[in-house]
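Proteins come first, then strands; the chains are lettered A, B, ... in the order of their sequence lines, and each starts at number 1. Keep in mind it's a predicted model, so treat the numbers as computed, not measured.
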Amino acid sequence: MIPKYNPKEIEEKWQKIWEEQKLFKAIEDPNKKKYYLLEMFPYPSGKIHMGHVRNYSIGDVIARYKWMKGFNVLHPMAWDAFGMPAENAAIEHGVHPAKWTYENIEYMKHQLKRMGFSYDWDREFATCDVSYYKWEQLFFIKMYEKGLAYKRKSLVNWCEICKTVLANEQVMGDGTCWRGHPDDPGVTQKELEQWFFKITDYAEELLEWCDRLPGWPERVLSMQRNWIGKSIGAEIHFPLENGDGVIKVFTTRQDTVFGATFMSLAPEHPLALDLSKGTSQEKAVRDFIEKIKRQDWMKRTSPTTEKEGVFTGAYCLNPMTRERMPIFVANFVLMEYGTGAVMGVPTHDQRDFEFAKKYGLPLIVVIQPEGDPLVAETMTQAYEGEGRLVHSGPFNGMDSVSAREAIAKYLEEKGLGGKKVSYRLRDWGISRQRYWGAPIPIIYCDRCGTVPVPEKELPVVLPLDVEITGMGESPLAKVKDFVETRCPSCHGPARRETDTMDTFVESSWYFDRFACPDYQEGPLDRKRVDYWMPVDQYIGGIEHAILHLLYSRFFTRVLKELGWVGVEEPFTNLLTQGMVCKEVYECPRDGYLFPEEIERKGERIHCRKCGGEIEAGRLEKMSKSKKNVVDPEYLIEKYGADTARMFCLFAAPPEKDLDWSDQGVEGSFRFLNRVWRLIWDQAPRLKDLTPLPFGTPLEGEPRFLRQKTHQTIKKVTEDIERFHFNTAISAIMELVNEIYASDLKDQEDERSRRVLREAVETTVLLLSPFVPHISEELWEQLGNHESIIKRPWPEYDPEAILKEEILIVIQINGKLRDRITVPVSFGEEEIKQWALKSERVKRYVEGKEIKKVIFVPKKLINIVC
RNA sequence: GCCUGGGUGGCGGAAUAGGUAGACGCAAGGGACUUAAAAUCCCUCGGUGGUCCCCCACCGUGCCGGUUCAACUCCGGCCUCAGGCACCA
């Protein structure tokens with residue numbers, strides 16, 4: 001009698017054994033080849049979601065596979081534990097963020113263990129541990145000393161819901177906060193004193209190294225390149241007419257400088273008000289600047305906003321032509337990019353064209369395209385393409401591409417500017433007006449100014465005795481004992497910085513700390529870091545394509561310069577898994593509905609609340625607010641962790657979005673039951689048998705099954721190597737189907753039984769990285785006494801996969817007409833003779849002359865006639 | 001507008017180096033077992049047409065064209081979806 005497959009029981013059993021035997025403990029061993037596998041660590045929000053299950057299931061396949069392949073695997077897990085939700089919980093439920101966080105960690109750790117992931121839990125830490133963030137404070141001080149951390153007053157992004165500043169990277173394309181609040185009013189601008197990390201110093205390096213990361217997906221690299229946004233051009237100095245200095249301009253089209261007929265300044269440009277002072281335009285300029293400053297940022301920076309400006313009353317000179325150029329203040333010029341001033345070339349820039357038409361400014365054509373020449377008076381839009389230079393003095397006749405080079409050189413020689421590179425990337429603002437984060441280790445003294453906390457006084461411990469109301473400024477500012485301190489320099493009374501660091505700082509180096517989580521003498525034990533770093537394979541969601549991945553790359557470069565790590569890049573290979581999606585049902589009246597709140601009547605779907613018809617569900621990322629989540633805990637209870645893991649791996653390739661299907665989960669569960677029954681059925685007959693040695697000659701059914709077994713080993717191995725887990729699983733399914741269909745199950749001779757034993761054993765071994773619990777249990781059932789992970793990954797016998805007979809496809813003029821099975825030894829001539837004997841082939845060839853025969857060994861023959 | 005990545009049955013997806021398109025699974029339909037249900041097992045399953053019982057022909061991987069004996073795969077042009085960047089000078 002075969003016992004029922006009881007996932008709950010066997011999963012608990014094996015998780016206990018793995019833990020007791022510390023099977024996944026990583027120990028530095030210079031004699032073994034290391035493999036550092038890392039998945040993006042979770043925020044301890046309360047419970048794990050399907051995204052975690054998918055991410056960590058993918059990682060676990062690779063980890064377990066690499067173990068079996070003999071690598072020294074580091075597969076750690078930790079908690080990205082600082083952040084806003086903990087504070088919100090404090091505000092809403094009155095629970096302390098620390099308590100909330102550590103309790104969530106306990107619960108989620110328990111959940112991860114129930115999934116059976118192969119982590120080395122001895123290396124676990126939480127970023128809110130003092131023993132972690134104190135080193136981050138040390139980094140901050142070192143960066144401050146090197147000028148890489150600095151404070152300045154600036155316009156910053158403010159999220160009214162988070163009540164804090166956001167970095168540029170944390171503002172999404174639609175102007176909302178990266179946390180995705182349900183009713184996000186949009187990020188606004190605020191002027192504040194803020195700490196920044198000077199990531200712009202590394203713009204060029206970070207960009208260049210994008211080309212040296214062949215193990216990263218192209219879309220991520222492309223996003224990072226876009227974000228850094230390098231433009232090559234020139235800086236041009238336009239002297240003010242009154243002789244009082246210059247206006248500096250950045251342009252990528254210096255070849256059009258002879259056509260520049262006006263100048264526009266950003267409203268925030270320091271010269272904007274100065275220039276108008278004392279002129280009749282002063283009031284108009286002042287009003288205009290005030291109006292623009294009041295406008296909300298999203299609207300102001302939208303390309304569709306009407307372009308407008310106001311004349312300052314002042315002029316500058318075109319440095320090439322010495323022509324007067326009126327200076328405007330214009331709403332479309334951004335202080336943040338380039339120099340905050342733009343030269344206006346109406347003929348060759350569409351925006352300038354529209355502006356010039358509106359304000360009656362002159363047009364001069366300086367680039368002539370091939371074909372009909374441009375005439376300024378009849379132009380209806382700007383010509384932005386390449387061409388030959390005209391009205392450009394000594395540069396006349398040059399093509400625009402080489403003119404850019406020549407003019408940049410000329411500007412340089414004449415002291416009027418020169419070649420210049422501009423980046424879109426801006427410095428990383430790290431100050432957060434929040435409590436639950438790492439304190440910035442800075443002290444303000446009235447006498448000594450800004451003083452970093454001395455190294456020996458670290459850590460600056462985040463006080464736990466604090467009132468969190470969500471009102472007013474940072475809660476830390478209200479903790480007297482924390483704020484009031486002594487100046488490390490003059491020992492006089494001083495105040496502590498009360499902002500905390502962006503939580504992305506913690507996640508920018510946690511992967512280094514995993515090499516030496518217990519190290520006390522410093523942030524990183526260089527010897528151990530050098531052994532494990534870089535991460536060989538990093539896995540996580542595409543949503544961090546810019547944010548976390550760019551910050552980590554920046555931090556790694558800084559830490560290398562500080563001598564704490566030896567690598568330039570932290571992650572050699574990156575796999576970005578897709579989202580887990582499920583259909584959402586949205587009723588026009590009652591909003592989002594749970595699946596049980598809808599009713600299907602044939603093709604139509606109705607809302608159970610109001611009875612109205614609703615649209616068919618569209619697929620969207622699982623989210624609580626859209627009521628389309630599946631709780632992993634429910635799956636573990638109902639089907640077990642193995643089924644949950646298998647479904648995530650089988651339903652889609654890792655980098656694609658995964659469409660949730662309840663029936664698909666059933667299918668995975670069904671398959672595991674099928675394997676369970678097969679092994680239990682056969683195991684008693686196959687005890688104490690070993691597979692036949694490599695190269696054993698066989699005939700008939702034993703030969704066939706052995707061939708399938710070894711083909712499967714080859715296929716599954718290759719598929720895991722290239723992360724095609726879905727096809728790896730389908731190959732194992734095929735093998736299982738083959739075993740079911742095989743009559744070897746009824747044969748009693750030793751050879752047949754040994755072949756069957758090998759097939760069954762291989763099935764379990766190949767399944768083990770995907771569904772480890774059931775594999776361990778069945779492995780034991782087959783008479784083994786050690787964990788399956790200690791068994792080396794199977795190798796295929798090259799002789800076993802050789803075929804005696806092969807199927808050859810016969811094409812006539814490239815169209816499939818027949819298939820024949822021939823001995824593998826047959827050459828082209830023999831196959832051709834056989835092919836021509838086929839009735840079907842005869843039909844097409846009869847009476848025609850064979851012009852050509854193409855023969856692809858072991859595949860096909862194509863007869864052209 | 002620029003930069004990426006996609007588009008294959010009713011669905012998720014296969015096809016690794018240009019060589020049998022649709023593996024594997026889900027759903028669906030039919031059958032077996034059963035008092036019945038569940039579970040399990042077997043069969044069919046891209047479309048159109050032909051005397052559609054095991055047979056055959058044609059069409060078929062977003063569209064148009066090209067290269068080739070042969071194209072889901074390579075080249076050119078387009079359509080479309082998703083993501084990133086964008087009044088960026």
Side-chain angles (χ1 to χ4, degrees), chain A residues 4 172-173 217-231 233 236 249-254 256 260 264 266 300-307 330-334 336-345 349-352 354-355 384 422-424 542-543 545-546 578 647 650-653 655-668 670-671 673-674 677 715 718-719 721-722 724 726-734 736-737 740 807-819 840 843 851-865:
Chain A
K4 202 172 160 242
M172 300 295 97
E218 191 50 45
R219 59 174 171 161
V220 174
L221 293 173
S222 143
M223 281 190 230
Q224 295 219 346
R225 288 191 192 103
N226 271 344
W227 188 259
I228 296 167
K230 179 181 184 175
S231 324
I236 307 178
V249 152
F250 172 76
T251 178
T252 54
R253 290 302 302 271
Q254 61 271 26
T256 65
S264 20
R300 180 176 158 193
T301 53
S302 155
T304 53
T305 301
E306 167 90 9
K307 285 143 199 58
N331 63 346
F332 61 83
V333 185
L334 308 170
E336 288 73 32
Y337 185 78
T339 59
V342 182
M343 67 176 191
V345 185
D349 181 287
Q350 186 58 28
R351 197 184 43 199
D352 295 344
E354 285 162 27
F355 195 82
E384 296 184 337
S422 201
Y423 300 91
R424 212 191 69 94
I542 186 72
E543 65 273 17
I546 299 171
F647 174 73
F650 180 63
E655 54 303 333
K656 272 196 140 184
D657 284 352
L658 182 143
D659 302 336
W660 191 262
S661 149
D662 292 331
Q663 288 102 327
V665 180
E666 292 277 355
S668 296
R670 219 165 9 214
F671 171 72
N673 274 288
R674 200 165 138 83
R677 288 193 304 271
K715 167 91 176 144
E718 287 167 0
D719 278 354
E721 290 282 353
R722 58 186 189 133
H724 285 209
N726 53 336
T727 52
I729 292 172
S730 70
I732 302 171
M733 286 173 166
E734 282 184 61
V736 170
N737 290 346
Y740 263 103
L807 185 75
I808 297 286
V809 165
I810 307 171
Q811 295 182 340
I812 311 293
N813 295 326
K815 287 203 170 193
L816 174 88
R817 293 302 176 191
D818 205 356
R819 305 176 169 96
R840 300 200 214 179
R843 237 194 342 223
K851 291 191 195 125
K852 201 170 166 187
V853 173
I854 284 124
F855 176 67
V856 183
K858 292 181 185 172
K859 284 227 168 93
L860 61 76
I861 186 161
N862 186 10
I863 298 164
V864 186
C865 55

I'd like a table of atom pairs between the protein and nucleotides 66-70 of chain B - only N or O on both sides, under 3.5 Å - with the distance next to each one.
unit_1: B:C69; atom_1: OP1; unit_2: A:Lys852; atom_2: NZ; d: 3.1
unit_1: B:C69; atom_1: O2'; unit_2: A:Asn862; atom_2: ND2; d: 3.3
unit_1: B:C69; atom_1: O2; unit_2: A:Asn862; atom_2: ND2; d: 2.3

So, is A:Arg819 close to the B:G19 phosphate, meaning a side-chain N or O under 4.0 Å from OP1 or OP2?
no
A:Phe647 atom CZ is separated from B:G25 atom P, nearest whole Å, by 15 Å
In whole angstrom, give me the gap between the C1' atoms of B:G13 and B:G7.
14 Å
Between B:G12 and B:A17, how many Å separate the two C1' atoms, rounded to a whole number?
27 Å
Stems with RNA chain B, 3 or more Watson-Crick or G-U pairs in a row (under 3.5 Å), are B:1-7 with B:79-85, B:10-12 with B:24-26, B:28-32 with B:40-44, B:46-50 with B:55-59, B:62-66 with B:74-78
Heavy-atom nearest nucleotide on RNA chain B for A:Gly664 versus A:Ser222: which residue maps closer to 5'?
A:Ser222
So which protein nitrogen or oxygen atoms get under 3.5 Å of nucleotides 10-12 of chain B's nitrogens or oxygens?
unit_1: B:G12; atom_1: O2'; unit_2: A:Ala651; atom_2: O; d: 2.4

Those residues that, when tested against A:Thr305, pass side chain to side chain donor-acceptor pair (under 3.5 Å) (two or more places apart)
none
Quick one: side chain to side chain donor-acceptor pair (under 3.5 Å) partners of A:Asp662, sequence neighbours excluded?
A:Trp660
From the list B:U4, B:A89, B:U16, which nucleotide is the closest neighbour of the side chain of A:Glu718?
B:U16
Could I get the full list of side chain to side chain contact (heavy atoms under 4.5 Å, CB included) partners for [X], not counting sequence neighbours?
X        : answer
A:Arg674 : A:Arg677, A:Val736, A:Asn737, A:Tyr740
A:Gln350 : A:Phe353, A:Glu354, A:Gln381, A:Ala382, A:Glu384
A:Lys852 : A:Ile854, A:Val864
A:Ser668 : A:Thr643, A:Met646, A:Phe647

Please identify each residue that fulfils ring pair (Phe, Tyr, Trp, His ring centres under 6.0 Å) with A:Phe671, with sequence neighbours left out.
none
Between the protein and nucleotides 46-56 of chain B, list the N/O to N/O atom pairs that are separated by less than 3.5 angstrom.
unit_1: B:C56; atom_1: OP1; unit_2: A:Arg840; atom_2: NE; d: 3.2
unit_1: B:C56; atom_1: OP1; unit_2: A:Arg840; atom_2: NH1; d: 3.4
unit_1: B:C56; atom_1: OP1; unit_2: A:Arg840; atom_2: NH2; d: 3.2

Protein-nucleotides 38-40 of chain B N/O pairs closer than 3.5 Å?
unit_1: B:U40; atom_1: O3'; unit_2: A:Arg677; atom_2: NH2; d: 3.4

